[in-house]
Each structure stands twice: as C-alpha cells, then as structure tokens.
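Structure first, commentary second.
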Amino acid sequence: MTYQHQWQDGSPMAWSPGKVVCVGRNYADHARELNNPVPAEPLLFIKPASALVPLAEPIELPRERGDCHIETEMSLLIGSPLSRAGEDEALEAIAGVGIGFDLTLRELQSKLKQKGHPWELAKAFDGSCPLSVFVRPEGLDWGSVQLQLIRNGQLQQNGNSAAMITPVASLLSYISQHFSLQPGDVVLTGTPAGVGPLSVGDQLQVKLDDRLEVTTRAR
Ligand code: ZN
C-alpha cells in the first residue's frame, strides 16, 4: 500500500511524505538497556520515504532476518522549510505530532555496529517506519508528552519527553544545521526503554498523552 500522511480528523494533507530523520539514544534509560554509551551530541540517521507504511495497518515482519525490535517514538511532521534554524523557528515548523515505530533488525544492527558499518540495512528497509495519523500540536507542552506502548495487554514502553537527552526544540535545531528539513519530512524523537522483539500475532496499542491512540498488530 502506498503511504500518505494523514490528519486524524480526515482533513486533506498538503504534503507528500519525505525523509524521516531519526535520533538514536535520546532517552538515557534506553541507551543503558542496550549497553550503549549516551552520546555527547545527537546520534542521527535517516530512513527514506520508501520505509513508510501506515501504522494502523497490520505490520509485516521481515522474515528470516533475525529479531525485529519495536521502538515506539513521538513523530513530528514538518510543515515549513527548516535550515540552520534556531529553536523558536524550529518549534513553529512543527505542523503535526503522532507516533512512529522505528523498526530495527537488532541482530543485523549489532553485526553492522561491530564492523563499524552504517545502520541502514537494519533500520531503513521497506516497511521499517510505520507512522500513525497526525494531530495538530496546539497547546502541547513539548517537555511533558507521555508515550506508551501496550503489547498484548502489557505496558511495555512508558516514557515522557521530559526524559529526553536532547529536547524537541534543540533536536530540531540541531538536525537543521546538518540536513534541511522540508514540508512533509518527519522527525522521530527517540525511544524510551522497553524495546524488544516483535512476534507474529502481537497486538499493539500506542498512546500519546490523551491526544492520540492507535491499535495495530504484527503479522
Ligand atoms: Zn529509534
């Protein structure tokens, strides 16, 4: 299925999907659970538009490529161009907020890391970035957004943006020093602790504050 960005209320979306800029290890509790050092500066990587799929559709697990971990992340939809932006300009460019999965072939990523190779094969494959619909961020306190993943009825990830090592405004500003962001691009803001492998048949429920709740499953 071809992915298109969508507003939760069904109103038309002006922007075509672009790249997805992601940040690794933005919550210290997640860096610790994988025995990774907490980086001094944001650790960025990019997923191409071809990685995007609708989160509410069943998630196709890649077969025979080792464990596929789920990382639940707050997603930001960019609505105006950002290049070498300051923090205020960066916040004004956020048109929507939602939930994304940064699906990761963890065993393959470990091998790539050992060799000092880039992570794309483990992070940027087709279907590696399920995205929810977006809601408008009016009134949202970026420093206090609660994100939850409930898997098969159990709370598996529960994080608050207050725990981000690089908060939203400085993260967007930092990204824009290196990569120009265009309307339709998306930023994934990192995962809290509780990542783990997905299994066929898993029932998944994700929540962003009381603004957004989506259910899906893995197959
Ligand atoms: Zn991630």
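Both backbone and side-chain heavy atoms feed into the values below; hydrogens, waters and symmetry mates do not. Here, residue 1 is the first one in the sequence, and each next residue gets the next number. Numbering of ligands and ligand atoms starts at 1, following listing order.
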note = Note, the Zn ion (ligand 1) has protein N, O or S atoms under 2.8 Å numbering 3
ask   = Pairs in or reaching into residues 192-215: which pass salt bridge (charged side-chain N to carboxylate O under 4.0 Å, His left out), with residues at least two apart or in two chains?
value =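 As it turns out, the salt bridge (charged side-chain N to carboxylate O under 4.0 Å, His left out) pairs with a partner in residues 192-215, which skip direct neighbours, are R151-D202.
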Kindly list each side-chain donor-acceptor pair under 3.5 angstrom involving residues 79-103, sequence neighbours excluded, with atom names and distances?
from, atom 1, to, atom 2, distance (Å)
S83, OG, S180, OG, 3.2
D102, OD1, K47, NZ, 2.7
D102, OD2, K123, NZ, 2.9

ask   = If only atom types and distance count, is the side chain of S161 paired as donor or acceptor with the main-chain N or O of V145 below 3.5 Å?
value =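 Judged by distance alone, yes, a pair lies under 3.5 Å.
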inquiry  = Any donor-acceptor pair under 3.5 Å linking the side-chain atoms of Q203 with those of N152?
reply    =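 N152 vs Q203: no donor-acceptor pair found between side chains.
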Residue among L188, V53, V186 satisfying side chain to side chain contact (heavy atoms under 4.5 Å, CB included) with C129 =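 The residue from L188, V53, V186 that satisfies side chain to side chain contact (heavy atoms under 4.5 Å, CB included) with C129 turns out to be L188.
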key: Pairs where residues 159-218 contributes a residue and the test ring-ring contact (aromatic ring centres under 6.0 Å, His included) is met, not counting sequence neighbours   = Y174-H178
